[in-house]
*Asks:* 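Handing you this structure, nothing more for now.
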Protein chains: 2
Amino acid sequence: MDSTTEEKIYEAARKIFVLKGMEGARMQEIADEVGMNKALLHYYFRSKEKLFEAVFKDIFTRFFSRIRGAFTSDLPLKEKLIVFIDNYIDLIAANPYVPQFIINEINRDPKVLKAMIFESGIGPQQLLEIFLNEVQINNQSNLDPRHIVVSLLGMLVFPFAGRPLLQLVYFNDDQKAYDQFLSERKEIVKNMMLKFIEV
Amino acid sequence: MDSTTEEKIYEAARKIFVLKGMEGARMQEIADEVGMNKALLHYYFRSKEKLFEAVFKDIFTRFFSRIRGAFTSDLPLKEKLIVFIDNYIDLIAANPYVPQFIINEINRDPKVLKAMIFESGIGPQQLLEIFLNEVQINNQSNLDPRHIVVSLLGMLVFPFAGRPLLQLVYFNDDQKAYDQFLSERKEIVKNMMLKFIEV
DNA sequence: GTCTATATGGCGATAGAC
DNA sequence: GTCTATCGCCATATAGAC
């Protein structure tokens, strides 16, 4: 690790903020994670608010830009859905707390989200519109494509966001069994979406 | 309103906690909501933690007990699903912040949830198991019923939890348009689940 | 740039008058 | 039971030495 101090602070902040949220996170905790002094955080990023915004914008952008790939190919909709589901579950599995983190923070304070969307040229709005248009164009039924997208995302995100509850009541709090359950979900969701898309 | 002071405090706490979560809520804010002094909260409920636990347990129990009705009838699975989807969307629509509140708090501190589940005789575990058994028994495909339940709940909860983002990017932040979208979801989800259940 | 020390404010909680 | 006043703590933020 020969990254700069600023980068190390940023990485630590990212980790803590995702786990605890803006209000739950402590500047001291982030400093401890870096192994350096609390005052340094303010030296590089004026305030907790600024540090958080930097982290949130970055996470949000990265998370949604990873999705675009699946929907800029020339494959038919079915194939695109398959690729998307595979990619998205892998992405969430590698960052299991990110979706809930995003949902929380946009509910807590939608200002940052709105600023992001309307500032950035290549913001998530475009990414989501790509998805939307693809579904619209290839959709054989006359179903509002937004319902397809919302159903799909709900099926993918919920098992991660609701994990503590679901694992406890359905799997006797058995972590390995729940991981197994998650690994089966790709095929389940593919199956479900394809049945749904068919006329 | 001739309810007791304790009840008024409880109702105010319920409102604030659901909106802001345990960490985001302020005792002063709850006191303001009641229109009385902060010290009274401590008189009736020793601490913020105790007040929160009382509220959380009550919300959790009420929210899941309302679900049971749909699955204790003699209807076939299809009919049960239809009743459940209608009831559950109405329930969330009347309490749009509750699902995310529950998800947040069980992630922040699963201890309270675990204590609840294993203490109460008529806890949510039984309620969920009823659901699970019904699906299991009536399930014509050999699909793990837990996948059905998770998919169903994800499709129902996500449009509410992700509302700020979805409304902004898909509906130009038009509140009425999004309400319309939500009102269409009952039929969409019914359709999708029935297609999925069929062999 | 990085540290120690401290300022500043807010919040949960309690003491005590009425 | 309900209030005012205040304690004690913790968190963000800053000042200033090195």
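The shown structure was predicted, so the numbers you read here are calculated from the model rather than taken from an experiment. Excluded from the calculations below are hydrogen atoms, water molecules and symmetry mates; all remaining heavy atoms, backbone and side chain alike, are included. Note on naming: letters A, B, ... go to the chains in the order of the sequence lines (proteins, then strands), and numbering restarts at 1 for each one.
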*Asks:* Between B:Phe52 and B:Phe17, is the gap from one ring center to the other below 6.0 Å?
*Replies:* yes

*Asks:* Rounded to the nearest angstrom, tell me the gap between atom OH in A:Tyr43 and atom P in D:dA15.
*Replies:* 15 Å

*Asks:* Just to be sure I understand the rule, does B:Ala25 reach a base, reach only the sugar-phosphate, or reach nothing, if contact means heavy atoms closer than 4.0 Å?
*Replies:* sugar-phosphate

*Asks:* Tell me every residue that passes ring pair (Phe, Tyr, Trp, His ring centres under 6.0 Å) with B:Tyr178, counting only those two or more places apart in sequence or in another chain.
*Replies:* B:Phe171, B:Phe181

*Asks:* Counting only side-chain nitrogens and oxygens, does A:His42 get under 4.0 Å of the OP1 or OP2 atom of D:dA13?
*Replies:* yes

*Asks:* I'd like a table of atom pairs between the protein and nucleotides 4-10 of chain D - only N or O on both sides, under 3.5 Å - with the distance next to each one.
*Replies:*
unit_1	atom_1	unit_2	atom_2	d
D:dT4	OP2	B:Asn37	ND2	3.2

*Asks:* Quick one about B:Asp179 and B:Gln175 (side-chain donor to acceptor, distance below 3.5 Å, no hydrogens or angles considered), yes or no?
*Replies:* no

*Asks:* Taking side chain to side chain donor-acceptor pair (under 3.5 Å) as the test, write out the residues that go with B:Glu184, two or more places apart.
*Replies:* A:His147, B:Gln180

*Asks:* For a 4.0 angstrom threshold against heavy atoms of chain A, report the outermost contacting nucleotides of DNA chain C in 5' to 3' order.
*Replies:* C:dG1 to C:dT4

*Asks:* Are B:Tyr88 and B:Phe84 an aromatic pair, judged by ring center distance below 6.0 Å?
*Replies:* yes

*Asks:* Would you kindly give the NZ-to-P distance between A:Lys50 and D:dT14, to the nearest whole Å?
*Replies:* 12 Å

*Asks:* Regarding B:Asn191 and B:Glu187, is there a side-chain donor-to-acceptor distance under 3.5 Å anywhere?
*Replies:* no

*Asks:* State which residues pass salt bridge (charged side-chain N to carboxylate O under 4.0 Å, His left out) with A:Lys38; sequence neighbours excluded, sorted by chain then number.
*Replies:* none

*Asks:* Kindly write out the residues that satisfy salt bridge (charged side-chain N to carboxylate O under 4.0 Å, His left out) with A:Lys15, not counting sequence neighbours, or none if the list is empty.
*Replies:* A:Glu33

